[in-house]
Every structure is written in C-alpha cells, then in structure tokens.
Amino acid sequence: MSKAVIFDLDGVLISTDKLHYKAWKAIADQEGIYFDEEINNRLRGVSRMASLEIVLERSDREYSQEEKEKLAEAKNDIYKESLKELSPKDLFDHAVETIAALKEKGIKVAIGSSSKNTRTILRQLGIEDVFDAISDGNNITHSKPHPEVFLKASEFLGLEPEDCTVVDDAYAGIDAAKAAGMTAVGIGDATNYEKCDHTISDLYELVDLMEEN
Ligand code: BG6
Ligand code: MG
C-alpha cells in the first residue's frame, strides 16, 4: 500500500486553465501571435518558460532570451493578478474531504506541481497548511515529464518513490510519475492516457484506491 499521495495542483485540486489562458492570450495578442484553447491545453504541467516556447511556435520571428524573459514575466504579472480572485470555493469537489480522509488513514499528502505560484494558490484556497510536503516549480530545474518534482516530494516526505502515488491530469505528469517509479493515477484529461496505473473521475475515489494498492 502506498504511504503517500502526491497531488498535482492545477487541474487536480483546482482549475487554473482559464486563468493561464487569459494571461497567455493577452501576451500572444500583444505580440500578434495566434493562440487558442487547444494550444493552451498543451501547456498543462509544463513550466512557464517551456509554455512560452510553445506559445512562440506560432510566431514568425525569433525572440532573444531577454525578450523571452520579459514576456514570461509579463504573463506571470497578469496571471498573479487573477489569482487574487481565487477562494476556497474554487477547490474541486471533495478535495478537502479526500485529503482529510487520507490523513485519517495515516496516509501522507503532498503537492507536486510545476507552478512557481503553488504557495500563493494554496494560500488563496485556504489549504496551505494541510500538506506534509510541498514540491513545486521553485525547487526543480527540470519540469514534468522529468520526474524531479515528484522525486523531491518523496524526499521531502522521507519516503521511497515506490511508496508514493501521484494524481495528475496531464500526460506530462503521468510520464513524470512513472519515470519516478511511482504509481500514477490519472484524472481529467489524463484518464485517456494508457500509461496510467489507475484512473478516477472524482478525487474521493482515491480513498478506496489507496486501500487496494
Ligand atoms: C503547471 C501548469 O501547474 O504550472 C502549467 O499546469 C504552468 O500550465 C506551470 O505553465 C507553471 O506555472 P507558473 O505558475 O510557475 O507560471
Ligand atoms: Mg495539472
């Protein structure tokens, strides 16, 4: 049985897709670059700079490193402004109940997110203090599908990777979990991915799943 659940944040506990979309769309419009929701879906689980590279694929000119950094910063300023609107009611159904039930069973809970805004988001959602460990975009050099963010989470928990179960909504997250040697549970978009060990449609299904695995 796994000793811990490592939750991805965006798309697992909360949906920030629209907020990312609005911020990237503003940058793309400013630069005259085509951008739509389908391209936005490709940014799931991917770091800010890697996301920018995807946005710039549609541009007909090259950007210097300095220009890229400015664009990423401008996107983040818009995104951070929109995070101020988040509140506990934005949490997905049964997120709080699931975390509480897992802890009740002695299962540790952690966050494994590529976002550098993880702590701000958790604070806005009122759940910053419930996790035993938080591994995020600030403590990694390689973004998902690299396993680093999840390996760091298990290290922070003091557990072996094989003792951890990851829940992620992105293909990149499932790949990262498998590369880390962890059990991978897909939710949302990732339920279509054959690499998932399990799939769930509601977070609370994790409680029974953890007893079986
Ligand atoms: C991930 C999102 O959680 O965080 C990605 O799924 C995003 O879409 C990435 O690009 C980085 O986020 P941030 O907050 O560090 O810009
Ligand atoms: Mg996600």
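As the structure lists them, so they are numbered: ligands from 1, and atoms in each ligand from 1.
Just one residue in the list Asn117, Asp90, Asp10 forms a side chain to side chain contact (heavy atoms under 4.5 Å, CB included) with Thr16, and that residue is Asp10. Each of Asp169, Asp175, Thr199 was checked for a side chain to side chain donor-acceptor pair (under 3.5 Å) with Tyr193, and the lone residue meeting it is Asp175. Just one of Met210, Glu162, Lys178, His198 meets the side chain to side chain contact (heavy atoms under 4.5 Å, CB included) condition when paired with Thr183; it is His198.
Near ligand 1, residues Asp10, His20, Leu43, Arg44, Gly45, Val46, Ser47, Arg48, Ser51, Tyr79, Ser113, Ser114, Ser115, Lys116, Asn117 each place a heavy atom inside the 4.0 Å sphere around the ligand atoms.
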I'd like to know whether Val166 forms a side-chain contact (heavy atoms from CB on, under 4.5 Å) with Asp8, so could you lay out the CA-CA distance, the side-chain angles of the two residues, the decisive distance to 0.1 Å, and finally the verdict. CA-CA 7 Å; Val166 166; Asp8 169 48; 5.8 Å; no
Evaluate the criterion side-chain contact (heavy atoms from CB on, under 4.5 Å) for residue pair Trp24 and Ile39; output intermediate values, then yes/no. CA-CA 10 Å; Trp24 281 125; Ile39 301 173; over 6 Å; no
Take Tyr79 and Arg48 through the side-chain contact (heavy atoms from CB on, under 4.5 Å) test and state the conclusion after the steps. CA-CA 11 Å; Tyr79 180 61; Arg48 194 179 309 158; over 6 Å; no
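Listed by chain and number, the protein N, O or S atoms at a distance under 2.8 Å from the Mg ion (ligand 2) are Asp8 OD2, Asp10 O, Asp169 OD1.
Cluster membership check: Leu102 shares its hydrophobic cluster with Ile187, using side-chain heavy-atom separations under 4.5 Å among Ile, Leu, Val, Met, Phe, Trp and Tyr.
Using a 4.0 Å cut-off between charged side-chain N and carboxylate O, Glu160 and Lys3 make no salt bridge.
Ring orientation note: the planes of Phe35 and Tyr21 are close to parallel, at an angle under 30° on the 30°/60° scale.
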